[in-house]
Structures are given as C-alpha cells and as structure tokens.
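Below is one structure, written out as structure tokens; comments come after it.
Atoms within each ligand, like the ligands themselves, are counted from 1 in listed order. All residue numbers in this chain count up from 1 along the given sequence.
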Amino acid sequence: MGQKIGIGLLGLGTVGSGVANILMNSEGRHPLVSELELVSIAVRDLERPRKVEVPSSITTTNPQVVIDNPAVQIVVEVMGGIEPARTLIMKAISAGKSVVTANKAVIARHGKEIAAAANSAGVYVLIEAAVGGGIPIIEPLKQSLGGNQIQKVTGIINGTTNYILTKMAKEGMRYEQVLKEAQALGYAESDPAADVDGLDAADKIAILSGLAFGGSIERSDIPIQGISDIDNRDVGYASQLGYEVKLLAVAERVLKDNRIKTTLPIAAWVQPTLVPNEHPLAGVHGVNNAILVEGDPIGEVMFYGPGAGAGPTASAVVADILNIAGINKLGSSPRALDPLLAASSWRECQLVDPHAIVKRNYVRFKAQDSPGVIGKIGTIFGNHGVSIESIIQFDTSKTGAEIVVITHTVNQGKIKNSLEEIQALSEIKAVSAHMGCL
Ligand code: NAP
Ligand code: HSE
C-alpha cells in the first residue's frame, strides 16, 4: 500500500459521523477504503457528544485549518447551509483540493460557479449524496444515461416528508407528531421548514434537471408547494379514490421534439400529488426515495432506496471519495471524466411560466349541501376549459359538504382562474385543498 489519501471533514453531525464511521472501519470494505485516512475535522462545538469516537487531536472549530492542512487531499463538506459552506468549497477548490459535498442547497444555487471553478482548477466536485441519500442517481444521470434524450424526471426526493406522509396514511398520525420522529432519526434538515415546505425537494430537482437536460434552471423560479397544509382528510379521500399522496418534484422538457435551437424550455415544480396505487412511485414509503427517469431510447428507469439518514448518505459520500481517490491514483485528468458538470458544455435552459404548466389536479371544496352546487362548480370549470374527470361529494353533514374534483390534464392558469371564480360562489365556504394528480 502506498501513501494514505488524506480526508478532511467539514462537519461531524448525522452525515459526517456516518462518513467517519466508514473511514475508521475499513475492514471488509473495498481495499481502497483502507487507503483513506481521516486527518482533520471541523465542528462548531468541540464539547458536543458525538455518535462516533474520533481523536480530539484532529478536531478543530476552524474549517480553514482543515482546508489548509497539507495532508488533506479531499475535502468533504457535510456542514450544511449556504454560508460558510459555499465559500469553504470555493477555498478548497482554490487550494487545488477535490471536494465531495452532500449540500444540495449550495449546489442548486451555486453549482455552475462551483463547477466552473473546479474545472479550471482541474479538481473534482462530486455530489452524489446531495440527491436521494444513498441512491445512486447523480452518476447515472451524468454517465450511464448520458446518451438519452431525457423527457421527464419525477422524484420522491425528500425522505422527511415521505416519512411523514406515509405515517399519516398508514397510521393516521398528524404531520407535526411525525416530524419530531424524522428529526430524531436524523432525516430532517437543521431547519425542518426546508423539508416540509418543499424547499429541499426544489433544490434537488434543480440539480437533477441540470444533469438531465444539460443546463441549469433558476432555483428561485421553481413553483413550490410543501406538505404543511395537508389535512389527514385529503390523505383519506385520496386513499378511498385509489391514490397515495406523495410530495413529487418534477422536471420535464416542454418541447418533446428536436426543434430546440438555443434555449430549452423546462417545466419544473414541487407539489403534493395524488399518485395512483398501481404507479411505481405509490409504493415508495417511509424515508425511501425514488426517481423515475423517462428518456429516449431507454424508456422508463426508476432508482429507489433510502433517501436520508447517516448510513445511506455516508454510503454515497464515501463512493464519491473513492471515485476521486481511484482516479487520482491512476493520474487521470478530472476534466476528461466529469463533462456533464462542466458549466462550459451546458446549454441554456429556461423555466416556463408556472401558469403554463400542464397537469391533472385534485381540488377539495368545503361547500353548502344545497341543490345545484355541483352543477355550478362544473359550469365554471367548463367555462374556463377545465375538463373534470370525476366529482364526488364526501362527508355531508349539517355544516356542509366536502366536494372533491379530479380534473383532466390542464394548464395551471385555467385552474387558477376557475378556482378564483368558484371561491366567489356564495355556496362555497373554502377551497380547502389543491394538489396535483398523476
Ligand atoms: P447536522 O447533523 O446538522 O451536522 C452539521 C455538522 O456541521 C455539525 O457537526 C456541525 O457542528 C458542523 N458545522 C455546522 N456549521 C459549522 C461551522 N460554521 N463550522 C464548523 N462546523 C460546522 O447536518 P447533517 O444532517 O449531517 O447534514 C449535513 C449536510 O448533508 C447538509 O447539507 C444536508 O442537507 C446534507 N444531507 C443530509 C442528509 C441527512 O439525512 N441528514 C442526507 C443527505 C444530505 P456541531 O456538531 O459542533 O454543531
Ligand atoms: N432532509 C433531507 C430529506 C435529507 O429528508 O430528504 C436528505 O437529503
């Protein structure tokens, strides 16, 4: 065995501890793991109890010490947040060190700048853990599926919300209760609003969209609806109608032919969505994630597995470290092997106006149980060119009725205009829920 490959960790929380645990227990793993040595670790609080025992001599509260350590060849950023993480990644690149990061928030916003810097410095920035936890999806999109024209990427890509929705559907639990469990299990972001408000899923679909369509989209323009307003009633009605409610993140090319000359229009969104029971994404439960990729000529391919947590995420991080270590051992040029993250070869992509997004819808109205109300709803939808697939009245009581509508595929501008007009009817007490429907 030659000289060890020095690894510097920025962060020793859920993911960092998982990574340290693998690096310090190399026995039985690929022989290259035993050539990796954890040489420096930055944390915020040296006194905090850790899930893994590391020598105190290698810990510091100054991340710059990790980057500057001459023994550190690969910097692993698992601290989270935008800053100082972004600056530290850029500093590591400037210092000629390859970086592995699980930080989708930074990559979704600054990926292009980081890729360009890495490309000119001749180092790697690998991000397998940033999407789908332990599921290999980044490298397959960059390499194995590279010859396809990707049409659509549909993902359950937030473990916390899928865990919450599963518990709501199977055990009737309320989302606030289950969120606490997800936090204790290490699935949730430090600010769990990132999970329940759909922001984390939006970061991830922005990254997947970039790789699938070969050009970045503006993360801040993605329409996002989280799960914090979901009522157990909708989960129940969905179940009675033969659906599971899932937080889906979708990116699709709008022009399906080859007329694209310069800018490729992309429709992307994050929304709780009714998924038919027989659809492969309906069977994805708990912390598991799945990403369904539709492309030509491959057809449909689905990637499935644990989407969060120390072990699965560390598995993806260490795979990236091994990739870099292996390539560096061979003395290959990183640039030649990482073409799809190289900003220089990307095309222009542009998000379409959210009102132009075309999909099916689930809407629940709280209404008076009076004659003609269903007819009025149907007429307004019809006047706006919205075709109804089904309309059902649930739970009629003295206080009113719940009317659930599932529409055919329609653009979201027409839905918005219809709902504004329906809401103004005297018989309608509220538009209580609006979700997507596959
Ligand atoms: P975490 O448990 O909160 O750990 C963050 C670590 O970073 C802690 O050890 C913290 O130190 C350290 N840290 C934060 N700011 C620092 C600073 N300014 N200087 C030095 N150290 C600092 O977070 P996590 O769940 O491991 O997530 C880390 C990253 O992985 C995030 O980008 C997250 O989105 C991503 N990720 C997480 C998962 C998951 O399942 N958790 C899965 C995929 C990706 P202290 O411990 O001293 O506070
Ligand atoms: N908070 C994220 C999730 C971690 O729940 O999916 C994995 O990226």
Worksheet item: Going by heavy atoms, is G307 under 4.0 Å from ligand 2?
Response: yes
Worksheet item: Looking at atom 6 (O) of ligand 2, what's its closest protein heavy atom, distance included?
Response: G159 N, 2.7 Å
Practice prompt. Check the pair S228 / I230 against side chain to side chain contact (heavy atoms under 4.5 Å, CB included), numbers first and verdict last.
Written response: CA-CA 6 Å; S228 45; I230 288 190; over 6 Å; no
Worksheet item: Counting from 1, what ligand 2 atoms have a heavy atom of D195 closer than 4.0 Å?
Response: 1 (N), 2 (C), 3 (C), 5 (O)
Practice prompt. Run the numbers on Y187 and E181 for side chain to side chain contact (heavy atoms under 4.5 Å, CB included), then give the verdict.
Written response: CA-CA 9 Å; Y187 304 155; E181 277 185 34; over 6 Å; no
Fill in: Side-chain donor-acceptor contact under 3.5 Å, N158 with N162
no
Worksheet item: For ligand 1, is any non-hydrogen atom under 4.0 Å from R50's backbone (N, CA, C, O), its side chain (CB onward), both, or neither?
Response: side chain
Worksheet item: Going by the atom numbers of ligand 1, which of them fall below 4.0 Å from some non-hydrogen atom of P63?
Response: 19 (N)
Discussion item. Given I321, which partner from the list I7, I22, I5 fulfils the side-chain contact (heavy atoms from CB on, under 4.5 Å) test?
Written reply: I7
Item to complete: Give the residue, atom name and distance (to 0.1 Å) of the protein heavy atom nearest atom 8 (O) of ligand 2.
Response: K104 NZ, 2.5 Å
Practice prompt. With heavy atoms only and a cut-off of under 4.0 Å, state how M79 meets ligand 1: side chain, backbone, both or neither.
Written response: both
Worksheet item: Is any side-chain N of the basic residue among D203 and R109 closer than 4.0 Å to the acidic one's carboxylate O?
Response: yes
Practice prompt. Answer yes or no: does an N/O atom from N289 fall short of 3.5 Å to an N/O atom of ligand 2?
Written response: no
Response to the item:
So NE2 of H110 and CZ of R219: to nearest 0.5 Å the spacing works out to 11.0 Å
Worksheet entry | Closest approach of any protein heavy atom to atom 33 (C) of ligand 1, naming residue and atom | E189 OE1, 3.5 Å
Item to complete: Report the nearest protein non-hydrogen atom to atom 36 (N) of ligand 1: residue, atom name, distance rounded to 0.1 Å.
Response: K104 NZ, 3.5 Å
Discussion item. Pairing donors with acceptors under 3.5 angstrom, does anything connect the side chains of N361 and H434?
Written reply: yes
Worksheet item: So is there a nitrogen or oxygen of T14 less than 3.5 Å from a nitrogen or oxygen in ligand 1?
Response: yes
Practice prompt. Under 4.0 Å from a heavy atom of K204: give me the atoms of ligand 2 that qualify, with their elements.
Written response: 2 (C), 3 (C), 6 (O), 7 (C), 8 (O)
Worksheet item: Closest heavy-atom contact between A85 and G80?
Response: CB-O, 3.8 Å
Fill in: Side chain proximity check, L351 to I222, heavy atoms < 4.5 angstrom
yes
Item to complete: Just need the protein heavy atom nearest to atom 8 (C) of ligand 1, so name the residue and atom and give the distance.
Response: G13 N, 3.7 Å
Discussion item. Can you tell me which portion of V43 lies within the under-4.0 Å heavy-atom range of ligand 1? Options are side chain, backbone, both, or neither.
Written reply: both
Worksheet entry | Contact partition for A102 relative to ligand 1, non-hydrogen atoms under 4.0 Å | both
Fill in: Option nearest atom 37 (C) of ligand 1 (shortest heavy-atom distance, choices V15, V78, L10, L88)
V15
Worksheet entry | Enumerated ligand 2 atoms positioned under 4.0 Å from heavy atoms of N158 | 2 (C), 3 (C), 5 (O), 6 (O)
Worksheet item: In the protein, what heavy atom is nearest to atom 5 (O) of ligand 2, and what distance, to one decimal place, separates them?
Response: T160 OG1, 2.6 Å
Worksheet item: Between the side chains of T101 and E77, does any donor sit under 3.5 Å from an acceptor?
Response: yes
Worksheet entry | Flag side-chain contact, heavy atom, 4.5 Å: N328 against Q73 | no
